[in-house]
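First up is the structure itself, then whatever we jot down about it.
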Amino acid sequence: MAHDSIQLPCGGDGACMRCKVTPPAEETLTCSTCATPWHVACLASKPETLASTLQWHCPDCSGDALLSAAAAVDGSSSELFAAIKAIEADESLTEKEKAKKRQELLGGKVEEDGGNGNEEKSSVLDVLDGSLNCSFCMQLPDRPVTTPCGHNFCLKCFQKWIGQGKRTCAKCRATIPPKMASQPRINSTLVSVIRMAKLSKSNAAAGPLKVYHFIHNQDRPDKAFTTERAQKAGKANAASGKIFVTVPPDHFGPITAENDPARNQGVLVGECWEDRLECRQWGAHLPHVAGIAGQSNYGAQSVALSGGYEDDEDHGEWFLYTGSGGRDLSGNKRTNKEQSFDQKFEKMNEALRVSCKKGYPVRVVRSHKEKRSSYAPEKGVRYDGVYRIEKCWRNVGIQGFKVCRYLFVRCDNEPAPWTSDEHGDRPRPLPTIPELKKAVDIFERKESPSWDFDEEGSQWKWKRAPPPSKKPANGADLEEGKRTGKGIRKARNTKERLLKEFGCLICRQVMNLPVTTPCAHNFCKSCLEAAFAGKTSIRERNNGGRALRTQKNVLNCPSCPTDISDFLQHLQVNRELMDVIESLKQKSNENEEPAEEPSEEHMNGSEGNTDFSCDGETGTKNENADHSPLPDCEPERSSKRSKVDTSQVAAE
DNA sequence: TCGACGCATGGT
DNA sequence: ACCATGCGTCGA
């Protein structure tokens, strides 16, 4: 049948231009390069079971590039899936260990636990080719969604199916719940599985996989804290806690490893946080209530998609965003979704327009509260990379009042969390926006964008200098002066930052004899000891004079639920951290009037309620010959400190 | 499960 | 002083 040399796609009316029939959705394939739909039956070479690619390229785009099919292996994909989920859920593993385990799994070195005959040494992709395939397009699902009955489909295939009024699973005919039909969510675990499989296939010899997804609490040095007055209401009234990254609040673009002294990895696409407060701590989106971060005369740095405005429309790689305002929030209301007046391009809405005009990269976070978007995370808040605002306008919104509208298009060098692509975005044509016909105040960028795709380097980068920061960095950024050209001007700020960065979580003062728990929380040694005064980690249980057994007493870290009883037995001062604090204190004292509070640190240092062995060490802080490794110090943290130390030396 | 309510913070 | 796409509790 379809062996003519001429192959044709479907036309604008959806009908195949070759056989003139309008194929049902499950019989069309969409080219991942040009997005043109094709009638599967009329393709000369059908991708029956594509082993090594998730993406189908049509004959026009690929030439003969259809890859050879590989034999599908039935069965164990669900086992693999379960195994990976088990690894991700294992809280006893660090991210590195998890990455290693996943890689072992993908490399075929599966540790046998089920005892079944595991004779097939098939590659992961072969395995994935089995039951995970989308039943519509017969490929590994692109933006996979999973029905409650456990079947996986491409988001787009699934939506087409639903759009035809179908409400049963295409594979098993089980009923699809209305919520799944109207609000399908991308299965992020499956995305990682597929992406990891692709990576392990395409680059089997590469180093450890980058972990894009899910950071866990043990990786977080500090939590948001609550004021004493507000403690009853828990996190509802939490103060936002320490900022871990060293970028200024008005920093544009991705947050890179250089600005992440805590982990030295930067904020990765796909990173998740429990809530807006934690998201703020990593600098992805600073306001903990507002959806737009920006300044009207300067630009907007980031936005949150949280489902607060019903006019928003999310298509993943691009979305339509609604400005803020237009609501009556008087009387301390926060839940008023009723618009009562028109939005204007002012304040944050104007900041977004500036970013549009300049072509700045705008960080985007999506919240689980956005219920209508398939691209929103199921839980918490997720960083999805940078987008550019290509145009903006005003239009009458759903509620009948004018709203500001923004077209965001993704332009990040990392792939989005919902794709299995190995590379980031490429410049793409703008989508057609029907509502533009009725729009007013349409604004488009005239000048060349500051953040643009560099064809030579094949990546997005600053083509013009990013705007100079007008604010000091939040974290203990000792290099900000070089970065921003402004930086540390007043020594008073240094002291303030010192306090903010190196504050004890108990006394909220700059730490004196700092200790770092295995869960990476920092306290004064004396504060931590005082917190557990009178409590021992070993409880003798006597019964009638007869020792029965000793039982371990669980002693929780003051900042998190981790049991630190073992750590408390051998409390060691974190000397490297102490050195940094000491030298910072010295520096801030040198830079300002020394008369102010000259004896401050001596007073702190001589509280003297505990042992003095550490004071002795203070004097030897510059010679590390006897430096004994701190068992509870993660390598990242010590590298942070040595980095800080180096720059400190360089600055002096 | 969802809306109302009330208290928070931080940035403009 | 005002504004903001939050958060937890309570009750229907």
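Below, read A as the first sequence line, B as the second, and so on, with proteins coming before strands; counting in each chain starts at 1. This structure is a prediction, so every number in the text was calculated from the model and none was measured.
- The two atoms that bring A/W460 and A/N413 nearest to each other are N-OD1, 2.7 Å, heavy atoms only.
- Residue A/D275 is classed as a sugar-phosphate contact, given heavy-atom separations below 4.0 Å to backbone atoms only.
- Summarising the geometry, the separation between NZ on A/K369 and P on C/dG8 is reported as 9 Å, rounded to the nearest angstrom.
- With B/dG11, B/dA8, C/dC7 as the choices, the nucleotide that has an atom nearest any side-chain atom of A/H288 turns out to be B/dA8.
- Atom P of nucleotide C/dG6 and atom CG of A/L286 are separated by 15 Å, given to the nearest angstrom.
- Atom CD of A/Q301 is separated from atom C1' of C/dA4 by 16 Å (rounded to the nearest Å).
- The separation between A/Q343 atom CD and C/dA4 atom C1' is 13 Å, rounded to whole Å.
- Between the CD1 atom of A/I292 and the P atom of B/dG11 there is a distance of 16 Å, rounded to whole Å.
- Residues A/S367 and A/K347 each lie close to DNA chain C; by heavy-atom proximity, the contact nearer the 5' end of the strand is made by A/K347.
- Within 6.0 Å of atom NZ in A/K371, more than 12 heavy atoms from other residues, nucleotides or ligands are found, so the atom counts as buried in its surroundings.
- Atom CD of A/E378 sits in a sparse spot, with 12 or fewer heavy atoms from other residues, nucleotides or ligands closer than 6.0 Å.
- Under 4.0 Å is where a charged nitrogen must lie from a carboxylate oxygen, and between A/R464 and A/D452 no such pair does.
- Other residues, nucleotides and ligands contribute more than 12 heavy atoms inside 6.0 Å of the NZ atom of A/K463.
- Rounded to a whole Å, the NZ atom of A/K344 is 21 Å from the P atom of B/dT12.
- In this structure, A/Q295 reaches the sugar-phosphate backbone alone: every heavy-atom distance under 4.0 Å involves primed, P, OP1 or OP2 atoms, never a base.
- Regarding A/Q281, its CD atom lies at a distance of 13 Å from the C1' atom of B/dT9, rounded to whole Å.
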So what is the 5' to 3' dot-bracket string for DNA chain C, if pairs are Watson-Crick or G-U wobble with both distances under 3.5 Å, crossing pairs use [ ] and | means the partner sits on another strand? ||||.|||||||
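- Nearest nucleotide to the A/V289 side chain, out of B/dG10, C/dC7, B/dA8: B/dA8.
- As rounded to whole Å, 14 Å separates atom C1' of B/dA8 from atom CZ of A/R276.
- A/R382 and A/P417 make their closest contact through NE-CG, 3.6 Å (heavy atoms, listed as atom of the first residue, atom of the second, distance).
- The pair A/D250-A/K471 does not count as a salt bridge, with every side-chain nitrogen at least 4.0 angstrom from each carboxylate oxygen.
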